[in-house]
Amino acid sequence: MFESLKDRVAGANGGEIPFEEQINGLKKKIEIVSENKKMEGDLLFMTTYMASAMTANVSRPELFEYTAHRHEYISTKYVRRVVEFVNQWHYSYSEGLTMVGERVPNTMLRNMFNRFANAIDSGIPDGDFLAMELNTARSMYRNSFEQGFEMLKKWGDAYIAMLFSSMLVAIILMISVAIYAPSGIDSTLNISYALIFMTAGFGVGLMYKAVPVDEKTLDRSMNRWCSREQAMIHRLQTPVLAITAVSVLLLILMGVNTGMIFLLIGLLFAPIGIIAYVDNHNVVMRDEDFPAFIRGIGSIMEGKGTTVVEAIREIDRKSLVTLEPLINSVYTKLNLGLDEALTWEKFIGDCGTNLIAKYMNIFRDSVALGGAPGVIGKIVGSSMLSQVLLRRKRDMVAMGFVVLLVPMHIAMIGIFLTLYEVLHTMSNAITSVMSTLGDNGAALSGSDSVAGSMMGSMNLFVNFPEEKMVPYVMTICLMMTVANIIAGKIVMGGDRYMYFFLSALLFTLTGLLVLIVPPLISSFFQIPQFGAV
């Protein structure tokens, strides 16, 4: 259907699709930005793989061939180009690395290729160079990661300050409308929408640029299995999203209170959000256990010359609390003689973590090539441990931001709703008083006395445009909630299912505030009614 539509559009425009070149250029820029953000960690994976493979004393052609076939790394697509230059055009590896490096958009990868080419020209053994390069990759990753969450601290505070400022402008505009009740307020309200949208977008964009990339969960394209929690989320998310969309549409058509709609969204997302939070916690804990496990397996295999099954039997599994059930499952399957590759693939899927998937494959491939399991275990364990420790620091910053974000969200939405209800209640009360005064009120308003001045001041709060201000208030609440959900997800990291957790939390709080604040203001803020004079 879409292909035929594309052909019709192209046919109507002389064989060209309008703005196709601009769209493709924008896609390419977005792809480059995304690739550059992931390159530091990806380069650490690739360098760890190459350094581990060199423990088997593989030749240079074998090293590049094996690395080029690791499609889960972004950087290996450039290694494949080097292999093509060497195999098809008969360039040397030094020349191939130099030519590809000149066309690589990422500075870190370009410098790494240039250093490798210089090492080859200088006659430095590949194993020695990769051992030094691995330390360089770890140091650069650590430095980039630490710079990222230091910037995140500052931009997190700046985001909250900017959002408070934009909310203050929205409050001032609302008070101005309540006082003067101008006839054409649409442009004023649109200015408020645009200000909050630009402020939130600017803050979210800055935090996305500053936050270091840390992909926690396993990419489903890498493995046919996934963790139990991830499988539950994949089964539930489509029905829940469909039910939520239909329910919200029906409630809007029925004219139900917006607070009930927000609350319904939060409650419908809550089950998936809770499962997502549990899975995120399990992923972090499994990653923290894995470096000790892989080092122990490698040391036992090399020290005693045993197979991986015997190494698993001898390792202290009770100290690996979160991995113990999964390791026991692997041990049972391997003892039964099941296929080893499928058994480890199932183990990786059950863990559901990106780091375990990458480093377990590095360990198994390098051991299969004939490398020393103890050395490989230390290399793999050290690389993963450095990432796990940096993740701990990032999680501390993220937790501090989220702990601040939730009360800040409650305060902003609560203050905004409270001021609206106060203005609305005051306007209704003054309108009621003015109507009871009748002709006397009109006479007083027209006199030059003190009473006339007071009556003129009271007229400022009459004719409050409730039919336009209610959608305005609810739209501002929605924009603030969505902006805080996106900001929280960027800071916390994890898979996209963390949006369900944050949406359940913030939409529930917003809905409760919309439902609770009006009756509270009505009970505490009452203007006495006067009879006719």
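- Between the CZ atom of R80 and the OG1 atom of T67 there is a distance of 11.0 Å, given to the nearest 0.5 Å.
- A side-chain donor-acceptor contact under 3.5 Å links T510 to the backbone of L506.
- N328 contributes a side-chain N or O that, together with a main-chain N or O of E324, makes up a donor-acceptor pair within less than 3.5 Å.
- Side-chain atoms of T55 come within 3.5 Å of backbone atoms of S52 as a donor-acceptor pair (strictly under, hydrogens ignored).
- Atom CE of M132 has more than 12 neighbouring heavy atoms from other residues, nucleotides or ligands inside a 6.0 Å radius.
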Pair F164, M408 - check side chain to side chain contact (heavy atoms under 4.5 Å, CB included), show working. CA-CA 9 Å; F164 260 122; M408 181 271 296; 3.4 Å; yes

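- V79 is listed as a side-chain neighbour of F64, based on a closest heavy-atom distance under 4.5 Å.
- Side chains of N87 and E65: a donor on one and an acceptor on the other come within 3.5 Å.
- Of all heavy-atom pairs between G488 and L502, the closest is C-CD1, 3.4 Å.
- Residues D365 and R70 form a side-chain contact, since some pair of their non-hydrogen atoms from C-beta on lies under 4.5 Å apart.
- When side chains are defined from C-beta on, K489 does not count as touching Y208, because their heavy atoms never get closer than 4.5 Å.
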Does the side-chain hydrogen bond (donor to acceptor under 3.5 Å, both in side chains) test come out yes or no for Y49 and N361, once each step is laid out? CA-CA 9 Å; Y49 180 86; N361 287 331; over 6 Å; no

Would you please test E146 and Y141 for side-chain hydrogen bond (donor to acceptor under 3.5 Å, both in side chains) and show each step? CA-CA 8 Å; E146 289 176 348; Y141 179 79; over 6 Å; no

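- Counting only heavy atoms from C-beta outward, the side chains of V380 and P291 never approach each other to under 4.5 Å.
- The shortest distance between side-chain heavy atoms of L152 and V491 falls below 4.5 Å.
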How far apart are the C-alpha atoms of T244 and V248, what are their side-chain angles, what is the distance that settles it, and do they pass the side chain to side chain contact (heavy atoms under 4.5 Å, CB included) test? CA-CA 6 Å; T244 303; V248 168; 4.2 Å; yes

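- With 3.5 Å as the limit, one finds no donor-acceptor pair spanning the side chains of R142 and S386.
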Apply the test salt bridge (Lys or Arg N to Asp or Glu O under 4.0 Å) to residues E310 and K304: give CA-CA distance (whole Å), side-chain angles for both, the deciding distance (0.1 Å), then the verdict. CA-CA 10 Å; E310 292 298 319; K304 296 189 175 182; over 6 Å; no

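- Taking the six-membered ring where tryptophan is involved, the planes of W155 and F202 are perpendicular, since the angle between them exceeds 60° and thus also 30°.
- No hydrogens or angles considered: nothing links the side chains of Y277 and E229 as a donor-acceptor pair under 3.5 Å.
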Using the side-chain hydrogen bond (donor to acceptor under 3.5 Å, both in side chains) rule, take S59 and E62 through it: C-alpha gap first, then chi angles, then the decisive distance, then the call. CA-CA 5 Å; S59 64; E62 289 176 324; 3.2 Å; yes

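- Around the NZ atom of K209, the shell of radius 6.0 Å holds no more than 12 heavy atoms that belong to other residues, nucleotides or ligands.
- Judged by distance alone, the side chain of S319 and the main-chain N or O of D316 form a donor-acceptor pair under 3.5 Å.
- The 12-atom threshold is not exceeded at CZ of F197, counting heavy atoms of other residues, nucleotides or ligands nearer than 6.0 Å.
- Panel note: side chain R286, backbone L323; no donor-acceptor pair is recorded below 3.5 Å.
- Remark: the E133 side chain and the T136 side chain contain no N/O donor-acceptor pair separated by less than 3.5 Å.
- Using cut-offs of 30° and 60° on the angle between ring planes, the pair H71 and H69 is perpendicular.
- Side-chain N or O atoms of S366 include none that pairs as donor or acceptor with a backbone N or O of F363 at under 3.5 Å.
- Although no hydrogens or angles enter the test, the distance criterion places a donor-acceptor pair under 3.5 Å between the side chain of R103 and the main chain of M99.
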Could you give me the CA-CA distance, side-chain angles and deciding distance for L218 and C226, then say whether side chain to side chain contact (heavy atoms under 4.5 Å, CB included) is met? CA-CA 7 Å; L218 176 64; C226 61; 5.7 Å; no

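- Ring planes of F45 and Y73: parallel class, angle under 30° (limits at 30 and 60°).
- Between M360 and F290 the shortest side-chain heavy-atom distance falls below 4.5 Å.
- For the pair Q230 (side chain) and G352 (backbone), a donor-acceptor distance under 3.5 Å is present.
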Could you go step by step and tell me if R81 and E84 meet the salt bridge (Lys or Arg N to Asp or Glu O under 4.0 Å) rule? CA-CA 5 Å; R81 295 181 188 176; E84 289 176 3; over 6 Å; no

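- Taking the centre of each ring, F116 and F129 come in below the 6.0 Å mark.
- Under the side chain to side chain donor-acceptor pair (under 3.5 Å) test applied with S227, the options T217, D350, D279 reduce to a single match, D279.
- Side chains of R295 and S382: a donor-acceptor N/O pair is present below 3.5 angstrom, by distance only.
- Between the side chain of N280 and the backbone N or O of A276, no donor-acceptor pair lies under 3.5 Å.
- Considering only heavy atoms from C-beta on, M384 stays 4.5 Å or farther from T48 through its side chain.
- Pairing each heavy atom of P373 with each of E302, the nearest pair is C-OE1, 3.9 Å.
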Taking it one step at a time, do K38 and E215 satisfy salt bridge (Lys or Arg N to Asp or Glu O under 4.0 Å)? CA-CA 9 Å; K38 297 178 181 178; E215 296 180 340; 3.3 Å; yes

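- In this structure, M412 and N484 have side chains that are in contact, with non-hydrogen atoms separated by less than 4.5 Å.
- Taking the ring centre of Y331 as origin, the terminal cationic atom of R317 falls inside the region bounded by 6.0 Å and 45° from the ring axis.
- D121 and Y93 share no donor-acceptor pair across their side chains, judged by distance under 3.5 Å alone.
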Report the C-alpha separation of K333 and E340 in whole Å, then their side-chain angles, then the decisive distance to 0.1 Å, and conclude whether the salt bridge (Lys or Arg N to Asp or Glu O under 4.0 Å) test is met. CA-CA 8 Å; K333 291 171 185 175; E340 183 177 345; over 6 Å; no

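- Applying the 6.0 Å contact sphere to NZ of K216 captures more than 12 heavy atoms from other residues, nucleotides or ligands.
- Between F347 and W344, the two ring planes are perpendicular [angle over 60°; tilted spans 30° to 60°].
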